[in-house]
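Below: one structure, written as structure tokens.
Residues take their numbers from the sequence shown, with the count starting at 1. Just so you know, these numbers come straight off a predicted model, no measurement behind them.
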Amino acid sequence: MQAVLALVEPQSSGLAGNTLATTWDPSTGAVRFFDGLASAPSTVTANLATPTPAEQEELNITQFSSVINVSGRAVGVPGTVRALERLHAAYGQLPWSSLFDDAIELAEDGFPLPPYLHSVLGQSVSGLPRCAYPDIGARYCDGDERKPIGATITNVELAEVLRELRDGGPEAFYDPNGTIAPAIVERATAGPIKPQHDDDGPAVIPSLMTLDDLAGYQAIEREPLCLEVLRRTVCSSAPPAFGGVALLQMLDFLERGEVHRSNPGSLDRLHLSLEASRLANFDRREHVGDPDFNPVPVAGLLDEGYLAERFALFSPDQAIHPVEPGDPPGAESAGTESDASDEGGGGDATSHISIVDAAGRAVSMTTTNNGNFGSHLEVRGMVLNNAQTNFTSLTSISPGKPVNVMEPLKRPRTSMSPTVILRNGRLVMVVGAAGGGPIPDFVTQTVVGVLLDRMNPFVAMSQPHYSGQQITSNCSGVIGPPSEVESGTPAADLLEDLRAKGHPCARTATLSSGSAAIQVRGSDRYVGAADPRRDGIAMGR
């Protein structure tokens, strides 16, 4: 599936991206979690926007502008193929070499340009229309105009990469003496440096990544985060992802707030959901990063007493203001500098897959280039990620300890929340979402809709969205999490009511998600759904 997604959803995910997966095996009852997040290279500067000393001297600047986000410097060491390797080793039934032929054929024969990809191509990023980025325009545009919906798109370069992966295994991707890794490094590090867009095209800020960085990359199996909540066992992503922590906290807060007593779409439901999200937002910003570099107080953040203490701040009549991070058991007390960015906040630039196979094994996999089209660089038909934009800016307005600043080989945190849900040891749901920073909100809303409101998964994920996961410098005079509702939906009609409850920076937002879920009903009935906001569908056989 990832091989095909790399072809037909190139804006969202691909072989040169990063991937998280949560799995469940009925034969063992084990839930497992695999971390294939892209990492920083071994050489970094103090911040993504900080030039090297040589660049500062040559260019007479001390900081790059936001164009750094769509350049080679933003590319993280890709983790997707290593994650797929770990998943195949753990669960694969078919030979690795049999998994790529369908994608190869589709890449060579072509596929019709889908509506969502067409929409993304019409957007601008960092001051330029997408078709103005040469690597994107060459394949998906005719001059300054995007190709029309239904136009045939081929990618013979990607087909050749897939053949090499098929025949050479995962090592073919990372081998410094092969053809794929050298091509990635060559494209990402290409110069000459040009720190701003100009009439000749986009800025060029080369990567600091090396072949050794790719050769040394490994996916990591970590303990999934699981919590007993809503009379189920909910398991999701572990740090460096903050999505799992936020999801589990929000579900706990909603249960404490007796969310089942409110009606979907009501003001009471929206107020409670936003307050849960805003509290979880500032906790994850304060405490969650790469655990291989900074301890993360996961047990404390999900501690019964701590969650009760946090929820005691909630009032059904008045929004919390200002929102402050909590102090969970096990949190380090040193360091309070501003440290966080809006990780994963670049729109729904991610793919999600929920699967249950014939043997009942489940996988929830979220996979991404980070921003739409990542770095806007392509090599051998693969879009290169811009995962390093998820590191903390040193000038960030967010609360937090320096748990997410850029460091050599560190993995930036992410909102991705691939989730499986069990009851009495049996699978009841597989769920996850695309959608940037609000991903935990989208998953929470779908879970509550299905498990408590008895909606089918399609209806649950089609509801008007909300989110408290962003941050603004002026939330009624202080730094705070805005209360966002999906524009153009009935939720937007409740803005004034939210303000009357004291939500100090309530606003509308796009909140375009890409959810996918499977509900298990009884022993042999599966109900699947894909988000109507995206191009996906539910299929079974």
How would you list all residue pairs meeting salt bridge (Lys or Arg N to Asp or Glu O under 4.0 Å) that involve [range], not counting sequence neighbours?
range	result
residues 2-20	Glu9-Arg534
residues 37-48	none
residues 364-384	Arg139-Glu378, Glu164-Arg380

Original post:
Lys147: what forms a side chain to side chain donor-acceptor pair (under 3.5 Å) with it, not counting sequence neighbours?
Top reply: none
Going by ring-ring contact (aromatic ring centres under 6.0 Å, His included), name the residues that satisfy it together with [X], two or more places apart in sequence or in a different chain.
X	answer
Tyr140	Phe373
Tyr174	none
His321	none

Looking at residues at least two apart in the chain, or sitting in another chain, which of them share a side chain to side chain contact (heavy atoms under 4.5 Å, CB included) with [X]?
X	result
Leu106	Val4, Leu7, Val8, Phe111
Pro408	Val44
Gln56	Thr50, Pro51, Thr62

Original post:
Considering the options Asn385, Asn370, Asn404, which one meets the side-chain hydrogen bond (donor to acceptor under 3.5 Å, both in side chains) requirement together with Asn390?
Top reply: Asn370
Original post:
What disulfide bond (SG atoms under 2.5 Å apart) pairs are there with at least one residue in residues 38-69, not counting sequence neighbours?
Top reply: none
Original post:
If you take all heavy atoms of Ala90 and Phe34, which pair is closest and at what distance?
Top reply: CB-CZ, 4.2 Å
**OP:** Indicate whether any N or O donor in one side chain lies under 3.5 Å from an N or O acceptor in the other, for Gln2 and Thr367.
**Re:** yes
Original post:
Is it true that Arg222 and Asp35 make a salt bridge, defined as a side-chain N closer than 4.0 Å to a carboxylate O?
Top reply: yes
**OP:** Answer yes when Asp135 and Arg187 have at least one side-chain N-carboxylate O distance shorter than 4.0 Å, and no when they do not.
**Re:** yes
Subject >> Sequence-distant partners of Arg507, salt bridge (charged side-chain N to carboxylate O under 4.0 Å, His left out), two or more places apart >> reply: Glu484
